[in-house]
Amino acid sequence: MKVLIIGANSYVGARLYFDIKKLYDVTGTYAHTPLSKQFVSLDITDSEAVHTVIHDTRPNVIVHVASNANARWCEAHPTEAKAINEHGTRYIAQAADAHNASVIYISSFAAIKPTNVYGFTKYESEKIVKKVQNRYLILRPSFILGFSPNTTNDRPFNRLLKNLDEGTPAIYDTSWKFHPTYVGHISEVIIACLEKNIRNQVIPIAVPEMKTRFDVASDILSPFGITVSPVDKKDATVVITQTFSELTALGLPTYTYTNMIRRIIDEIRNRKQFVL
């Protein structure tokens with residue numbers, strides 16, 4: 001099976017590429033400076049370029065994880081955000097149909113009850129992906145944690161690594177609660193869905209427990225001797241709760257919060273293994 005990961009240079013995409021290439025023939029794409037010399041350049045806002053890459057790689061499955069997930073940036077640049085997150089998804093879906101490929105779309109909890117530009121682009125993208133003729137799969141992670149070969153993107157977990165590696169102050173919010181998602185769990189679900197031939201599903205991926213940024217920072221950094229200080233930022237982000245019954249019903253991997261934290265701590269201690 002040939003898999004094309006569009007957005008393999010991103011924090012999430014790099015981890016998916018690292019995990020999935022162990023089992024399948026995988027090609028990854030990048031938008032700017034590549035993490036691997038094996039990656040193929042692709043601007044997903046260029047329809048012709050999208051069709052060319054998919055034509056040349058001939059994938060059976062396209063994993064689409066290319067988007068700008070910075071909600072503040074999206075609010076400040078709504079036109080660009082829509083071009084990347086929504087129009088880019090449309091071009092990928094069209095090319096997938098043209099070349100008889102299925103699509104696995106990495107969406108977000110933000111698409112469930114969209115309240116900002118980022119959420120609405122993910123919501124609209126889900127509708128686009130559901131129209132893919134050759135079958136689709138939509139995965140909805142929440143607040144993503146876990147080691148990735150991409151340690152430079154400004155993502156929550158990489159900020160934790162910065163606290164650890166550079167000794168920067170670890171001060172985290174206690175106000176907003178969420179279901180954390182382990183990035184390796186996303187890979188495991190994708191692999192299981194490919195093995196089981198599961199398609200045409202929308203699957204939330206996270207642990208059942210609700211936590212705050214302070215909780216996860218404390219639990220990940222404390223074993224390394226880093227003190228985490230709490231701050232109440234009065235975050236008004238909508239709290240979204242899920243049951244994750246889809247994972248169980250489909251026989252897919254599940255995680256508890258405790259198991260997720262153990263895996264993440266182990267990954268930090270053995271980070272040298274994450275080489276693309």
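Along the sequence shown, residues are numbered consecutively beginning with 1. These numbers come from the heavy atoms of this one structure, side chains and all, not from hydrogens, waters or symmetry mates. Note that the coordinates shown come from a computational prediction; the quantities given were computed from them, not determined experimentally.
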> Out of curiosity, does I6 fall in the hydrophobic cluster containing Y17 (side-chain heavy atoms, cut-off under 4.5 Å, transitive links)?
Replying inline: no
>> For a quick test of reading the model, state the closest non-hydrogen atom pair linking L164 to L221 and the distance between them.
In response: CB-CD2, 4.1 Å
>> I want to check a possible cation-pi pair here: R269 against F224, using under 6.0 Å from ring centre and within 45° of the ring axis as the test.
In response: yes
> With the threshold set at 4.0 Å, does a side-chain nitrogen-carboxylate oxygen contact exist between E75 and R72?
Replying inline: no
>> Counting the benzene-type ring for Trp, do F18 and F274 have ring centres under 6.0 Å apart?
In response: yes
> Where do I112 and R140 come nearest, in terms of heavy atoms and distance?
Replying inline: CG1-NH1, 3.6 Å
> Is there a side-chain contact between K130 and Y105, using heavy atoms and a 4.5 Å cut-off?
Replying inline: no
> Do other residues, nucleotides or ligands put more than 12 heavy atoms under 6.0 Å from Q273 CD?
Replying inline: yes
> If you look at every heavy atom in T174 and P230, which pair is closest and at what distance?
Replying inline: CG2-CB, 3.6 Å
>> Between Y24 and N60, do the side chains contain a donor N or O and an acceptor N or O under 3.5 Å apart?
In response: no
> Is the shortest heavy-atom distance from the side chain of V3 to the side chain of P59 under 4.5 Å?
Replying inline: no
> With under 30° as parallel and over 60° as perpendicular, where do the rings of H99 and H51 fit, or are they tilted in between?
Replying inline: tilted
> Below 4.5 Å, heavy atoms only, C-beta onward: do T27 and K2 meet side chain to side chain?
Replying inline: no
> Does some side-chain heavy atom of L16 sit less than 4.5 Å from a side-chain heavy atom of V26?
Replying inline: no
> Counting heavy atoms not belonging to E209, are there more than 12 under 6.0 Å from its CD?
Replying inline: yes
> Nearest heavy-atom pair of Y11 and N158: which atoms, and what distance?
Replying inline: CD1-ND2, 4.0 Å
> So, for A93 and V132, which heavy atoms are closest and what is the spacing to 0.1 Å?
Replying inline: CB-CG2, 3.8 Å
>> Can you confirm whether the side chains of N150 and S148 place a donor and an acceptor under 3.5 Å from each other?
In response: no
> Any idea how F120 and Y123 line up, ring-wise: parallel (<30°), tilted (30 to 60°), or perpendicular (>60°)?
Replying inline: perpendicular
>> Before we go on, tell me: are the rings of F109 and F178 under 6.0 Å apart, centre to centre?
In response: no
>> Within the structure provided, determine whether L23 and L194 are in side-chain contact (heavy-atom separation under 4.5 Å).
In response: no
>> Any donor-acceptor pair under 3.5 Å linking the side-chain atoms of Y182 with those of E267?
In response: yes
> Between V53 and L4, does a side-chain contact (heavy atoms from CB on, under 4.5 Å) hold up when you go through it step by step?
Replying inline: CA-CA 9 Å; V53 167; L4 173 65; 4.3 Å; yes
>> Looking at K21, I want to see if its NZ is surrounded by more than 12 non-hydrogen atoms of other residues, nucleotides or ligands under 6.0 Å.
In response: yes
>> Show, in sequence, the C-alpha distance, side-chain angles and deciding distance for N200 and Y136, and conclude whether the side-chain contact (heavy atoms from CB on, under 4.5 Å) test is met.
In response: CA-CA 5 Å; N200 302 333; Y136 70 87; 3.3 Å; yes
>> Please say yes or no: joined through hydrophobic side-chain contacts below 4.5 Å, possibly via intermediate residues, are I203 and I138 part of one cluster?
In response: no
>> Ignoring hydrogens, what is the shortest heavy-atom contact between A81 and V117? Give both atom names and the distance.
In response: CB-CG1, 4.0 Å
>> Looking at K22, I want to see if its NZ is surrounded by more than 12 non-hydrogen atoms of other residues, nucleotides or ligands under 6.0 Å.
In response: yes
